[in-house]
Amino acid sequence: MPKITLPDGKKLSFPKEVTGLEIAEKISKSLFKQALIMSVDGELKDLYFQIKDDCSVKIFTAKDPEGLDAIRHDTTHIMAMAVQELFPGTKLAIGPAIKDGFYYDFSREEPFTPNDLEKIEIRMKEIIEKDEKTRREVWEREKTKKHYSALGEKYKVELVDMIPEDNEVSIYYHGEWYDLCRGPHLLSTGRIGKYFKLTKVAGAYWRGDSKNEMLQRIYGTGWASQKDLDDYLKRIEEAEKRDHRKLGKEMDLFHFREESPGSVFWHEKGWALFQKLINYMRAKQDLAGYKEVNTPEVLDRLLWEKSGHWEKYGENMYTSETPDEKVFAIKPMNCPGHIQVFNQGLKSYRDLPLRITEFGKVHRYEPSGALHGLLRVRAFTQDDAHIFCSEDQITSECLNVTNLILEIYKDLGFENVILKYADRPAVRVGEDEIWDKAEASLLKAVKASKLEYSINKGEGAFYGPKIEFVLRDAIGRDWQCGTVQVDLNLPGRLDASYVDKDGTKKVPVMLHRALFGSLERFIGILIENYAGKFPFWISPLQTVVIPISEDFEEYAKKVSTKIREAGITSMVDLKNHNLNYKIRDHSLAKIPLLIICGKKEVDSNSVTIRRLDSNKQENMELNSFLKKFSALNKAPSNI
RNA sequence: GCCCUUGUAGCUCAGCUGGUAGAGCAAUUGAUUUGUAAUCAAUAGGUCCGCGGUUCGAAUCCGUGCGGGGGCACCA
């Protein structure tokens, strides 16, 4: 006589054991039709699971995240089924639902081609049309392993071994085809719907370990309705339009080339943007008490050995041998250099906290497969700083950094920031007691910031724990940018010390911090966030002056000069094209402000402006224009 | 680094089963002097990523190297 409690608190009684489907039927006809899976006392179950005892039940449909996940999970099973039918001998690994879709990892000699994906998709649709019934069986552990060994499904055998001892080993059937799976699954393949699309084939290591065999992973996207699928595909298309590599080329900001993979050739406009950001940050950091320095790019191997980089980070370092056979390394980080600056002269506790900053260009030999436009490069400029302080200053300094980061992100249009706290990694330098101390003070700062945070276990730097600042962009993507890292190791290794109040020598704590992280990467993110339409104050070319005809060229030149004198970038378009052409041309180039000069403007010593994405015309007297836009030519927090 | 995929004019791309390249835009020149998203015409422009091979003949087929893209691993 199970008594079922529903999410709204209602209770239903049944005379004997009951399935989820029967409960759904009792609730409503539409739920009966739409039900996919359910949870019984919080545990996800198949709808045909027999409920014997009192419990609370929630039925999920495609509208619930749990239901959508179940659809994706079912879809990937059907994909595996189609693959094994079409390509006999293909072995299975794992096939989970993921964000926006699903994948399945296969082991097969021959590669899958894009053409194969189409065939698989067609077969999947046939299977769904057949509306094959789903059935769950519990198999005995050893029998399962023997069964899969006999089939040569070695990954399934491994998976059985990974199932905790007290869990059942369940096998799901879709018609005749079956797969080892935890479930739950939908009642039949017909409930999946056909709102999916196989998107790509990719290599993936078994269990995510590069020492293992590489499997073939087929990715797909799956949704509850045609509209959701279309929306998703449209979202992908939108994101592609914002791709900074595409916009960087179109807007003539930078390029890459074979001779130096992963290094940026900045063009005039891209570099202007770069410099604007640096100048902006210089001013902010100056107010926040930072001292800017500059340290060498090439440093003796001995220093890197002493700092621990040679051993822990050597694989990623560029090295260089000089004609006198000395070995130097091109810096992958600025920290050792900054400690050398700190070490000059005797430091007292009164000097702390000492905040040393540098727009330092670093080189890191990244694996070729990791390179990605501006977002992952081999040579980049860090807005780096190292704060030398005492242990009891750690928390407040971390908070200062946090506030500075939030202000800067906000100025650049990012209001949504979350924190990630990462603690000690497996490969590290320093005693565990030191790590205990560092982690405790940093975590205190994280909590004091009152921002939302998550914990990244074992993801810290080799010399200390860190906070990462993650910002969310205009289309909802997260980017990790800034970071603060507590370091109780490096200063000691490189003999940094200060004289404390009591006259004794102490080793300072060093905080590593970056605001944008990498200027290159941050510009990539900015381009994508704004889809290339930068706010006026950072736009690399802020105005283009367009004379209506040859007669007004002189006036246009005069206006452009005045604008440049006011500190706003400007050029005159003297090409032999009509106004319409030029407006189109510069609008596509995403120039924020077009300035039109014709007879009317010359006569009244004025300009007519047209803002990007607006067709309104605003006429104003030249001087008031200059005054107005000079005032706007600043970061929001400085206006 | 690994798997798949890809590399043709400044850009975006076409070029079927092998017969030494083509369009649009951009550029240049000329005409036009234009009031808010493409004026017309002419001209010029290519080691078809590099190297090697198969072939009478290779942009096209094969091998290899380099670069790009999508993933995996990596992201100190």
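Just so we're on the same page: letters track the sequence lines, and every chain starts at 1.
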Given [options], which nucleotide is nearest the side-chain atoms of [X]?
X      : options             : value
A:L588 : B:A37, B:G70, B:A27 : B:A37
A:I596 : B:A73, B:A27, B:G35 : B:G35
A:P261 : B:G68, B:C72, B:A73 : B:G68
A:R584 : B:A37, B:C4, B:U34  : B:A37
A:Q617 : B:A37, B:G1, B:U36  : B:U36
A:R245 : B:A73, B:G70, B:A27 : B:G70
A:E258 : B:G1, B:G67, B:A73  : B:G67
A:Y205 : B:C66, B:A73, B:G70 : B:A73

Exercise for review: Step through the shown structure and confirm whether more than 12 heavy atoms of other residues, nucleotides or ligands are within 6.0 Å of NZ on A:K437.
Suggested key: no

Under 4.0 angstrom, heavy atoms only, what part of the nucleic acid is [X] near: base, sugar-phosphate, or nothing?
X      : answer
A:E259 : nothing
A:K312 : nothing
A:A461 : sugar-phosphate
A:N316 : base
A:F462 : sugar-phosphate
A:H372 : sugar-phosphate
A:K246 : nothing
A:A202 : base

In whole Å, what is the span from the [atom1] atom of [X] to the [atom2] atom of [N]?
X      : N     : atom1 : atom2 : value
A:Y365 : B:C75 : OH    : P     : 16 Å
A:F106 : B:G71 : CZ    : C1'   : 15 Å
A:L579 : B:U34 : CG    : C1'   : 8 Å
A:K575 : B:A37 : NZ    : P     : 17 Å
A:L215 : B:C4  : CG    : P     : 13 Å
A:D105 : B:C4  : CG    : P     : 15 Å

Any side-chain N or O of [X] less than 4.0 Å from the OP1 or OP2 oxygen of [N]?
X      : N     : value
A:S210 : B:G1  : no
A:Y581 : B:A26 : yes
A:Y219 : B:C72 : yes
A:N578 : B:U39 : yes

**Study point:** With A:F254, the ring-ring contact (aromatic ring centres under 6.0 Å, His included) member among A:W266, A:W271, A:F274, A:F265
**Key:** A:W266

Anything under 3.5 Å between a protein N or O and an N or O of nucleotides 31-33 of chain B, put it in a table, one pair a line.
residue, atom, partner, partner atom, Å
B:A31, N6, A:N576, ND2, 3.1
B:U32, N3, A:N576, OD1, 3.1
B:U32, N3, A:N576, ND2, 3.1
B:U32, O4, A:N576, OD1, 3.2
B:U32, O4, A:N576, ND2, 2.2
B:U33, O2, A:E550, N, 3.1
B:U33, N3, A:E550, OE2, 3.1
B:U33, O4, A:E550, OE2, 2.2

Pairwise [atom1] distance, [M] and [N] [rounded to whole Å]:
N     : M     : atom1 : result
B:G18 : B:U54 : C1'   : 11 Å
B:C13 : B:G70 : P     : 14 Å
B:C51 : B:G7  : C1'   : 15 Å
B:C2  : B:G45 : C1'   : 41 Å
B:G10 : B:A26 : P     : 16 Å
B:U39 : B:U32 : C1'   : 7 Å
B:U47 : B:A21 : P     : 13 Å
B:A58 : B:G53 : P     : 12 Å

Review point. With sequence neighbours left out, which residue pairs that include part of residues 368-386 of chain A fulfil the salt bridge (Lys or Arg N to Asp or Glu O under 4.0 Å) condition?
Key: A:E366-A:R376

Practice item. Return each pair, listed once, that meets salt bridge (Lys or Arg N to Asp or Glu O under 4.0 Å) where at least one residue sits in residues 306-315 of chain A; pairs must be two or more places apart or across chains. Key: A:K306-A:D495

Practice item. Report the residue from A:K466, A:K457, A:R428 that forms a salt bridge (charged side-chain N to carboxylate O under 4.0 Å, His left out) with A:D423. Key: A:K457

Point to revise | Least distance between heavy atoms, A:F102 atom then A:G222 atom | key: CE2-N, 4.0 Å

Exercise for review: Specify the closest pair of heavy atoms between A:A496 and A:P508, including all atoms of both residues, with the distance to one decimal.
Suggested key: O-CD, 3.4 Å

Point to revise | Check ion pair A:E237-A:K234 (N to O, under 4.0 angstrom) | key: no

Review point. Charged N to carboxylate O below 4.0 Å: is that the case for A:E397 and A:R513?
Key: no

Check your understanding: With a 6.0 Å cut-off on ring centres, are A:F112 and A:F87 close enough?
Key -> yes

Practice item. Tell me, please, which residues at least two apart from A:T381 pass side chain to side chain donor-acceptor pair (under 3.5 Å). Key: A:E520

Review point. Is a donor on one side and an acceptor on the other found under 3.5 Å between the side chain of A:N212 and the backbone of A:W206?
Key: yes

Practice item. State whether the distance check finds a donor on one side and an acceptor on the other, under 3.5 Å, for side chain A:R376 versus base B:C74. Key: yes

Check your understanding: Is the NZ or CZ atom of A:R72 both under 6.0 Å from the centre of the six-membered ring of A:W223 and within 45° of that ring's axis?
Key -> yes

Review point. Without hydrogens or angle criteria, can the side chains of A:D473 and A:W479 be said to hold a donor-acceptor pair below 3.5 Å?
Key: yes

Exercise for review: Verify whether one side chain among A:T608 and A:E618 offers a donor that lies under 3.5 Å from an acceptor in the other.
Suggested key: no

Polar atoms only, N or O, under 3.5 Å: list the protein pairs with nucleotides 9-13 of chain B and their distances.
residue, atom, partner, partner atom, Å
B:U12, OP1, A:K249, NZ, 3.0

Practice item. Using a cut-off of strictly less than 4.0 Å between a heavy atom of the residue and any atom of RNA chain B, enumerate the qualifying residues of residues 599-610 of chain A by number. Key: A:K599, A:K600, A:E601, A:T608, A:R610

Practice item. Could you tell me which nucleotide pairs with B:U20 by Watson-Crick or G-U wobble geometry, both distances under 3.5 Å, or answer none if nothing does? Key: none

